[in-house]
Q: 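Please read through the structure below; I'll follow up with questions.
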Amino acid sequence: KTEFFTIRRIQNEASHQLLKKYHQTLEKLKQNRRVVTFSDIADRLAHWMRSILQEHQESGKQGPLPQMQSISHRMDSSIDHLLLDEFQDTSPNQWQILKPFAEAIVSHKASGNKRTSFFVVGDTKQAIYAWRGGVSEILESVGQQVQNIKQQKLSESFRSSPIIMEFVNEVFHGLAKHPNYLSEDDNKRVEGTEHPVVSKWVDRYFIDHTTKRSNLPGVVEFWNAKERPQDEPAQDPDAKKTIPTDIDLDIADAVTELHRRSDQITIGILTRTNSDVAKMISLLRDRGVEASQEGGNPLIDTAPVLVVQSALKLADHSGDSLAYFHLQHSPLRSFWDEEVSADATKISLDLRQRLDTVGFGGTVSTLVDHLAPHCTLRDQERLLQLVSEAHRFDASKQSLVHEFIQRIQTTRVATQSESVVRVMTIHQSKGLEFDAVFVPAIDQPIVRQSARLVAMRDSLTGPPISIMRN
């Protein structure tokens, strides 16, 4: 045990030194480049708010901060009404900034000097931004931190059907009995046993949900991935060999069938990651279903853009044999005559001359015109977006080929057409509604990697006071 704590102490000290050096270097870099990030603004405002709040508390005075009047003057407007949605995703720094405004508003309302209002709404079960500092406990502590707050629980839906509400109630009431929370040994599981911590969490946060739309029809289905015949012939001709398949294939088939039944039904497919969005759109496109994406993906999610990218890579380096091979096996091969096409160096030289003469916009546009007849409508849309990106690159006075390649690899661009079938991440779907919703891969872990560092706080809603290795 002594050896364990010694190792952990050394790890904590090393982590502190590394993070301290990283922070100092990052701050120096931002200062030299005269850069301020959005998180910097929140950090500095929160630090300032904490300092004046400490002074106020040490003075023994009660009520809102006297500096709030000065803040209103500097903003050239007072804030009389503060309405905050999705409050369960608020971070301690954000709350540190907002709390004095809330206290001032409530104080004015209580004294009757002004007509003011402070309104907060959220759902701790929908807290999905912990990875960027959101602390859902702040929502439930608002009533204790700000005086004269009227609290009300909202359990009635105005959009969902009764069967969906029943499914939600059943899931949450059964959480504490789920095998994943009980013993891993099946023989040690006792019928009717509940996990005490999960049971306490459900009792604290969950109340049965109802719906205003009692006559609205609905359906809930929960699937496992189907098994499909394997392509390779089985050794036993009478045996039908099957293998488990990706649930995405089943979702794509189901969406296709539903969309063909009625092309007016709005369908939402909610994925875990942006890469899953691109995969699902590709599967639907293979089945003849046009789907629009929210948030966007890099333009290289389509084959024609990858061909143009290979042409640019060859322009950047004539010895890129992989890029040359790609061009030789694509429709762009016929863009040059046989003599040029047979020589990677000549193609590279031609492209560089075009880039020097007409820029990225003109060069990419010419390549796209040659590719367009071989592309689907969606591919053509992505190619047009690539041309627009090339013209923007020219406008920014940049000229390095590898920088443009990096730009199209990393910049996310959404398709402009909006279909009744929409694919997006779960985060992007908040506040939207559809006639039918598909959620693939819910068996994936919510936290894909355990935190390497654990923050210690003097309260659940306060800033970290200590950090240690996990």
Q: More than 12 foreign heavy atoms under 6.0 Å from CG of Asp203: is that the case here?
A: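 Yes, enclosed.
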
Q: What's the shortest heavy-atom distance between Glu389 and Leu299, and which atoms?
A: CB-CD1, 4.3 Å

Q: Among residues two or more places apart or on two chains, list those pairs meeting salt bridge (Lys or Arg N to Asp or Glu O under 4.0 Å) that have a residue in residues 86-96.
A: Glu86-Lys430, Asp89-Lys430

Q: Measure the CG-CD1 distance between Leu312 and Ile408 for me, rounded to the nearest 0.5 Å.
A: 6.0 Å

Q: Could you go through Ile281 and Val277, starting from their C-alpha distance and side-chain angles, then the distance that decides it, and tell me whether this counts as side-chain contact (heavy atoms from CB on, under 4.5 Å)?
A: CA-CA 6 Å; Ile281 285 180; Val277 171; 4.1 Å; yes

Q: Could you give the distance from CZ (Arg74) to CG (Asp76), rounded to the nearest 0.5 Å?
A: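 Between atom CZ of Arg74 and atom CG of Asp76 there are 12.5 Å.
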
Q: Would you mind reporting whether Leu377 and Glu381 have side-chain heavy atoms less than 4.5 Å apart?
A: no

Q: Who are the ring pair (Phe, Tyr, Trp, His ring centres under 6.0 Å) partners of Tyr205, not counting sequence neighbours?
A: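 For Tyr205 the ring pair (Phe, Tyr, Trp, His ring centres under 6.0 Å) partners, ignoring immediate neighbours, are Trp201.
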
Q: Just wondering, do Ile265 and Val420 contact through their side chains at under 4.5 Å, heavy atoms?
A: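 A side-chain contact is absent here, since even the closest heavy-atom pair is not under 4.5 Å.
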
Q: Where is the tightest heavy-atom contact between Ile149 and Gly143, given as atom of each residue plus distance?
A: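 Ile149 and Gly143 have their closest heavy atoms at CB-CA, 4.3 Å.
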
Q: Please determine whether side-chain contact (heavy atoms from CB on, under 4.5 Å) holds for the pair Met280 and Asp276, giving the CA-CA distance in whole Å, both sets of side-chain angles, and the decisive distance to 0.1 Å.
A: CA-CA 6 Å; Met280 181 57 66; Asp276 293 332; over 6 Å; no

Q: Check whether any side-chain heavy atom of Leu84 lies under 4.5 Å from a side-chain heavy atom of Phe119, and answer yes or no.
A: no

Q: To the nearest 0.5 Å, tell me how far Ser72 OG sits from Gln67 CD.
A: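 Taking OG in Ser72 and CD in Gln67, the distance rounds to 11.5 Å.
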
Q: Between Asp253 and Arg287, does at least one N-O distance fall below 4.0 Å, as a salt bridge requires?
A: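 Result for this pair is yes, salt bridge flagged.
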
Q: Would you say the side chains of Glu58 and Gln54 form a donor-acceptor pair under 3.5 Å?
A: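 Indeed, the side chains of Glu58 and Gln54 share at least one donor-acceptor pair under 3.5 Å.
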
Q: What do the steps show when you test Ile207 against Lys153 for side-chain contact (heavy atoms from CB on, under 4.5 Å), and what is the final call?
A: CA-CA 9 Å; Ile207 55 177; Lys153 291 188 176 181; 3.9 Å; yes

Q: Salt bridge check: are Glu13 and Arg9 linked by an N-O gap of less than 4.0 Å?
A: yes

Q: In terms of heavy-atom contacts, does NE2 of His81 have more than 12 from other residues, nucleotides or ligands at under 6.0 Å?
A: yes

Q: Going by heavy atoms in the side chains, are Ile467 and Val454 under 4.5 Å from each other?
A: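 Not in contact.
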
Q: For Ser15 and Asn12, which I'm curious about, is there any donor-acceptor pair between the side chains at under 3.5 Å?
A: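 No, no side-chain donor-acceptor pair sits under 3.5 Å.
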
Q: More than 12 foreign heavy atoms under 6.0 Å from NZ of Lys99: is that the case here?
A: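 Result for NZ/Lys99: enclosed.
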
Q: Are the side chain of Thr271 and the backbone of Thr273 linked by a donor-acceptor contact shorter than 3.5 Å?
A: yes

Q: Using every non-hydrogen atom in the two residues, find where Arg8 and Arg469 come nearest and quote the distance to one decimal.
A: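 The answer is NH1-O, 3.3 Å.
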
Q: Can you spot which of His195, Lys200, Glu194 makes a side chain to side chain contact (heavy atoms under 4.5 Å, CB included) with Val198?
A: His195

Q: Tabulate below the donor-acceptor pairs under 3.5 Å that side-chain atoms of residues 154-174 make, not counting sequence neighbours, or state none.
A:
from	atom 1	to	atom 2	distance (Å)
Ser157	OG	Arg159	N	3.2
Ser157	OG	Ser160	N	3.1
Arg159	NH1	Leu432	O	3.1
Asn169	OD1	His209	N	2.8
Asn169	ND2	Met165	O	3.2
Asn169	ND2	His209	O	3.0
His173	NE2	Asp208	OD1	2.5

Q: Considering only residues two or more places apart or on different chains, which pairs with a residue in residues 37-47 satisfy side chain to side chain donor-acceptor pair (under 3.5 Å)?
A: Lys30-Asp40, Thr37-Ser39, Thr37-Asp40, Asp43-Asn93

Q: Can you find a heavy atom in the side chain of Gln145 that is under 4.5 Å from one in the side chain of Glu103?
A: no

Q: Quick check for you: to the nearest 0.5 Å, what is the distance between Ser136 atom OG and Lys125 atom NZ?
A: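 If I round to the nearest 0.5 Å, the distance is 11.0 Å.
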
Q: Counting C-beta onward and ignoring hydrogens, is there a side-chain heavy-atom pair between Arg407 and Ser396 closer than 4.5 Å?
A: yes

Q: Tell me whether Met75 at atom CE has more than 12 heavy atoms from other residues, nucleotides or ligands lying less than 6.0 Å away.
A: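 Result for CE/Met75: enclosed.
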
Q: Is the number of heavy atoms from other residues, nucleotides or ligands within 6.0 Å of CD (Gln406) greater than 12?
A: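 No - once you tally the heavy atoms of other residues, nucleotides and ligands closer than 6.0 Å, there are 12 at most.
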
Q: List in chain and number order the residues that pass ring pair (Phe, Tyr, Trp, His ring centres under 6.0 Å) with Phe360, two or more places apart in sequence or in another chain; answer none if no residue qualifies.
A: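 Once residues adjacent in sequence are excluded, the partners of Phe360 under the ring pair (Phe, Tyr, Trp, His ring centres under 6.0 Å) criterion are Phe393, Phe404.
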
Q: Looking only at the side chains, is there a donor atom on one of Gln409 and Gln309 sitting less than 3.5 Å from an acceptor on the other?
A: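 A pair is found: one side chain offers a donor N or O, the other an acceptor, under 3.5 Å apart.
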
Q: Are Thr266 and Asp435 close enough that a side-chain donor and a side-chain acceptor fall under 3.5 Å?
A: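 Indeed, the side chains of Thr266 and Asp435 share at least one donor-acceptor pair under 3.5 Å.
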
Q: Taking the side chain as every heavy atom from C-beta outward, state whether Arg422 and Ile269 have any pair of such atoms under 4.5 Å apart.
A: no

Q: For a quick test of reading the model, state the closest non-hydrogen atom pair linking Pro92 to Gly133 and the distance between them.
A: CD-O, 3.4 Å

Q: Classify the side-chain pair Gln94/Thr90 by whether it contains a donor and acceptor separated by less than 3.5 Å.
A: no

Q: Check Ile105 against Asp80 and note the closest heavy-atom contact, atom names and distance.
A: CG2-O, 3.8 Å

Q: For the residue pair Asp379 and Arg285, establish whether any side-chain heavy-atom pair is separated by less than 4.5 Å.
A: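 Heavy-atom side-chain distance check passes, below 4.5 Å.
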
Q: Go through the structure and list residues passing salt bridge (charged side-chain N to carboxylate O under 4.0 Å, His left out) with Lys279, not counting sequence neighbours.
A: Asp246, Asp248

Q: Given side chain to side chain donor-acceptor pair (under 3.5 Å), test Thr124 with Gln88 step by step and report yes or no.
A: CA-CA 5 Å; Thr124 53; Gln88 73 280 349; over 6 Å; no

Q: Less than 4.0 Å between a side-chain N and a carboxylate O, is that true for Asp301 and Arg412?
A: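 Salt bridge: no.
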
Q: Would you check, one step at a time, whether the test side-chain contact (heavy atoms from CB on, under 4.5 Å) holds for Leu284 with Val423?
A: CA-CA 10 Å; Leu284 291 171; Val423 188; 4.1 Å; yes

Q: For a quick test of reading the model, state the closest non-hydrogen atom pair linking Met49 to Ile97 and the distance between them.
A: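 Here Met49 and Ile97 meet closest at CE-O, 3.8 Å.
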
Q: Strictly by modelled atom types, are Ser262 and Gln264 linked by a side-chain donor-acceptor pair under 3.5 Å?
A: no

Q: When rounded to the nearest 0.5 angstrom, what is the spacing between CG in Leu270 and CD1 in Ile251?
A: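 Separation between the atoms: 10.0 Å.
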
Q: Going from NE2 on His16 to CG on Leu453, what distance comes out if it is rounded to the nearest 0.5 angstrom?
A: 12.0 Å

Q: Report yes or no: does Glu27 contribute a side-chain atom to a donor-acceptor pair with the main-chain N or O of Gln24 at less than 3.5 Å?
A: no

